[in-house]
Visitor: 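Have a look at this one.
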Amino acid sequence: MTLMDVLVDFSRTGRIGPLNCGMTLAEAENLLGPGRPHPAHIMKGPDIDGYPYSWDGLRLVVTQRAVTGIWISLWPGSTAKLPPLVLPDSESFDATVLREELITALDNAGCEHAVNSTLTFGQQASLITQPADVCAVFSLPRRDNHVSHRDRHYLNVMHKHTA
């Protein structure tokens, strides 16, 4: 399995393997191991809502102890890590995904997508997939991103959240 396989499957289903919005934090931690809670959880306790638990490049937003958001964060031009449940057999991976590469992979998989006008502005572009409502956000590289094409959009984050 490659990173692109994970991204396309997430885009199509809104799930990452068995991880899905609606499951409890306890179920997620049973699958992933204990996550690193956001400092607000540490300061104010586990019942504070809306702050992420993280496992390397994977973040789960938790509200009332249930997963309400799933985020994959990438750093173009570098390597990153995802938990083995998300990307098996990979200690780390190249975190550089061009917008055109993801769009081609989505098209090849028959995953419908459209421009997300809410998050497309300035040097940022975004798309939303259907029917899973997964959002992908791209931007031009920052000064510290070591990429080949400085004038092309790279994937920064993919996320899904419930209302």
Visitor: Identify whether Tyr154 and Ile128 are in the same connected component of the hydrophobic contact network (ILVMFWY, side-chain heavy atoms under 4.5 Å).
Guide: no

Visitor: If you group Ile, Leu, Val, Met, Phe, Trp and Tyr whenever their side-chain heavy atoms sit less than 4.5 Å apart, what else falls in with Val61?
Guide: Trp71, Leu119, Val137, Val157

Visitor: Between Glu100 and Ile103, is a side chain to side chain contact (heavy atoms under 4.5 Å, CB included) present by the stated rule, with each step listed?
Guide: CA-CA 5 Å; Glu100 295 82 9; Ile103 288 172; 5.7 Å; no

Visitor: In terms of heavy-atom contacts, does CD of Glu112 have more than 12 from other residues, nucleotides or ligands at under 6.0 Å?
Guide: no

Visitor: Can you tell me how far CZ of Arg36 sits from CH2 of Trp55, rounded to the nearest 0.5 angstrom?
Guide: 9.5 Å

Visitor: Using every non-hydrogen atom in the two residues, find where Leu82 and Leu87 come nearest and quote the distance to one decimal.
Guide: CB-CB, 4.2 Å

Visitor: Using 0.5 Å steps for rounding, measure from the CZ atom of Arg65 to the OG1 atom of Thr24.
Guide: 10.0 Å

Visitor: Assess the side chains of Thr129 and Ser11: does a donor N or O sit below 3.5 Å from an acceptor N or O?
Guide: no

Visitor: Enter the distance from Leu102:CG to His113:NE2 here, rounded to the nearest 0.5 Å.
Guide: 8.0 Å

Visitor: For Lys160 versus Ala132, what's the shortest heavy-atom pair and its separation?
Guide: NZ-O, 2.6 Å

Visitor: Out of curiosity, Ile16 CD1 to Phe10 CZ, how far, rounded to the nearest 0.5 Å?
Guide: 4.5 Å

Visitor: Looking at every non-hydrogen atom in both residues, tell me the closest pair between Phe138 and Asn156 and how far apart they are.
Guide: C-ND2, 4.0 Å

Visitor: Measuring from atom CG of Asn116 to atom CD of Gln124, what distance do you get when rounded to the nearest 0.5 angstrom?
Guide: 9.0 Å

Visitor: Shortest non-hydrogen contact from His161 to Cys21?
Guide: CA-SG, 4.3 Å

Visitor: Would a distance-only check, ignoring hydrogens and angles, find a side-chain to backbone donor-acceptor pair under 3.5 Å from Thr120 to Ser126?
Guide: yes

Visitor: Transitively linked via ILVMFWY side-chain contacts under 4.5 Å: Leu31 with Val62?
Guide: yes

Visitor: Under a single-linkage definition using a 4.5 Å side-chain heavy-atom cutoff for Ile, Leu, Val, Met, Phe, Trp and Tyr, are Ile70 and Met1 assigned to the same hydrophobic cluster?
Guide: yes

Visitor: Of all heavy-atom pairs between Gly77 and Thr96, which one has the smallest distance, and what is that distance?
Guide: N-OG1, 2.7 Å

Visitor: Run the side chain to side chain contact (heavy atoms under 4.5 Å, CB included) check on Thr63 and Thr162 step by step: do they pass?
Guide: CA-CA 10 Å; Thr63 305; Thr162 57; over 6 Å; no

Visitor: What is the distance from atom CG of Leu98 to atom NE2 of His153, rounded to the nearest 0.5 Å?
Guide: 11.0 Å

Visitor: Applying side chain to side chain contact (heavy atoms under 4.5 Å, CB included), run through Leu85 and Leu19 and close with a yes or a no.
Guide: CA-CA 9 Å; Leu85 177 77; Leu19 298 174; 3.9 Å; yes

Visitor: When you check the side-chain N and O atoms of Asp5 and Thr2, is any donor under 3.5 Å from an acceptor?
Guide: yes

Visitor: Only one of Val8, Leu74, Asp94 forms a side-chain contact (heavy atoms from CB on, under 4.5 Å) with Leu3, so which one is it?
Guide: Leu74

Visitor: Please answer whether the main-chain N or O of Pro18 pairs with a side-chain N or O of Asn20 as donor and acceptor at a distance below 3.5 Å.
Guide: yes

Visitor: What is the minimum heavy-atom distance between Ser73 and Arg59, and which atoms define it?
Guide: OG-NE, 3.8 Å

